[in-house]
Undergrad: 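Once you've had a glance at the structure underneath, I'll fire off some questions.
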2 protein chains.
Amino acid sequence: MTPQPSERVYAALRSAVLHGDFAPQQPLKPQELATTHGVSLAVAREALLRLVGEGLAERLPNRGFAVPATGAERWQQLAEARATIEPAALRLAIERGDLEWETRVRAAQHRLAGTPVYERDGDRHFSDAWSQAHRGFHRTLLEACGNDVLLDTFDRLWTASELARRWSVVSSPGRDGSAEHRALEEAALARDADRAAALLHHHVSRTAAALTE
Amino acid sequence: MTPQPSERVYAALRSAVLHGDFAPQQPLKPQELATTHGVSLAVAREALLRLVGEGLAERLPNRGFAVPATGAERWQQLAEARATIEPAALRLAIERGDLEWETRVRAAQHRLAGTPVYERDGDRHFSDAWSQAHRGFHRTLLEACGNDVLLDTFDRLWTASELARRWSVVSSPGRDGSAEHRALEEAALARDADRAAALLHHHVSRTAAALTE
DNA sequence: CGTACCGGGATAATCGATTATGCTTACTCG
DNA sequence: CGAGTAAGCATAATCGATTATCCCGGTACG
């Protein structure tokens with residue numbers, strides 16, 4: 001009925017870390033989290049251990065937990081890994097996707113195009129709704145690959161990228177993300193694997209290049 | 001000095017799961033593990049949660065933990081994912097590797113070639129030493145890619161594959177793995193990215209095809 | 001003046017017991 | 001005789017307290 005304390009604390013902590021409420025390398029003290037969430041130490045520990053498994057926290061033996069260190073280098077490595085893996089998965093998806101997949105891709109693209117990128121004008125951070133739609137579009141593109149392992153890898157890298165982006169100063173001078181997404185959708189639905197893979201590689205690579213050092 | 005109980009139990013449990021001491025979907029009862037290892041419930045729980053993070057255990061809310069279900073399908077998906085990702089990483093490694101890398105690749109290949117595959121004649125399972133050398137060779141090949149994210153992904157997939165292989169009946173009729181490894185080493189050190197990537201893709205794909213249904 | 005040693009305080013790790021939950025089985029009612 | 005239900009049991013989840021470890025500051029010695 002009511003969600004388990006463990007689940008609740010885990011979700012709250014995960015959201016907080018991803019939202020940037022804790023600075024990188026900041027210690028995540030079990031005792032503190034336990035009291036603020038009104039639970040026992042074991043529950044806080046459990047939530048932290050689950051975050052470690054997701055790569056959203058680090059375990060320092062006998063020194064507790066901390067938000068993982070992020071920075072320019074990690075951001076670029078994540079982007080490179082995505083640029084390496086995602087186009088290959090997209091090729092599989094284009095080869096295997098059916099009408100159902102095409103439909104979902106169109107829907108996801110439409111949702112993404114219709115979602116405002118920023119909450120307020122001049123905001124530096126993307127809106128939650130847009131982030132969700134963005135992830136949804138990219139994931140939907142790959143879902144037809146029919147390989148849960150590849151999709152898990154995508155999820156993991158995407159989540160890690162969200163954390164890294166939160167702590168990197170990213171600039172996208174004059175970049176038209178919408179156009180890139182539209183072109184990506186078009187190439188995928190046209191079953192042009194070469195073009196789609198190239199577009200996706202370029203899309204992700206520009207993400208890496210958009211880093212202000 | 002002496003390793004932390006948590007670490008010890010975690011290592012023991014991890015080894016046991018990978019070694020196949022527990023059948024897939026078999027419940028991993030915290031209480032049982034705690035008593036057999038002479039520790040408290042919290043320690044057993046912690047070890048299990050860490051295993052979940054590695055994909056070596058499943059968490060069923062309010063129903064404890066279990067060894068993940070494996071089977072032909074998962075085995076093939078893992079092989080396909082590896083065949084998708086590893087050749088791409090190898091291209092980066094070939095592009096970026098230096099003399100130090102070449103040296104380590106040669107060393108790893110030599111060690112692998114000189115390690116007996118089976119403990120005893122007619123044994124169905126690979127020897128631990130060979131498994132370690134095999135992993136070492138493949139990982140060393142990729143290490144020059146210089147991308148920790150890709151290497152982490154490799155580690156994760158390899159570990160998952162070891163678990164899946166343990167519970168799949170795999171046959172390799174007339175296959176000469178040594179020759180494939182030698183050819184792979186040769187192509188990599190010759191900096192022939194196309195040939196090396198093709199060989200690696202083929203090598204991993206045959207692993208998937210070697211499944212007896 | 002620099003370095004090695006030694007408490008004191010904070011925090012992580014562990015424990016044993018308690019509470020909550022989900023499964024099983026026996027029973028009752030239709 | 002079958003379906004639904006409720007008690008009992010096994011197990012997971014949680015708690016509060018105890019123990020071990022690390023980090024920091026002070027101090028003595030070279």
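Numbered from 1 within each chain, the chains take letters A, B, ... in sequence-line order. Everything quoted here is computed from the prediction, not taken from an experiment.
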Undergrad: Does some side-chain heavy atom of A:L141 sit less than 4.5 Å from a side-chain heavy atom of A:L200?
TA: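 The answer is no; the side chains never approach within 4.5 Å.
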Undergrad: Between the protein and nucleotides 7-14 of chain D, which nitrogen or oxygen pairs are less than 3.5 angstrom apart?
TA:
from: D:dT11; atom 1: OP1; to: B:K29; atom 2: NZ; distance (Å): 3.0
from: D:dA13; atom 1: OP1; to: B:N62; atom 2: N; distance (Å): 3.0
from: D:dA13; atom 1: OP2; to: B:R45; atom 2: NH1; distance (Å): 2.4
from: D:dA13; atom 1: OP2; to: B:R45; atom 2: NH2; distance (Å): 3.1
from: D:dT14; atom 1: OP1; to: A:P5; atom 2: N; distance (Å): 3.3
from: D:dT14; atom 1: OP1; to: A:S6; atom 2: N; distance (Å): 3.1

Undergrad: Can a donor-acceptor pair be found, under 3.5 Å and without considering hydrogens, that links the side chain of A:S15 to the backbone of A:A11?
TA: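 It does not hold such a pair.
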Undergrad: Indicate yes or no: at least one non-hydrogen side-chain atom of A:R45 is less than 4.5 angstrom from one of A:L41.
TA: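 A:R45 does not reach A:L41 side chain to side chain.
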Undergrad: Side chain of A:W101, backbone of A:T140: donor and acceptor closer than 3.5 Å?
TA: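 Confirmed, A:W101 side chain pairs with A:T140 backbone.
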Undergrad: Nearest 0.5 angstrom please: B:Q109 CD to B:S178 OG, how far?
TA: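 Rounded to the nearest 0.5 Å, the CD-OG separation comes out at 8.0 Å.
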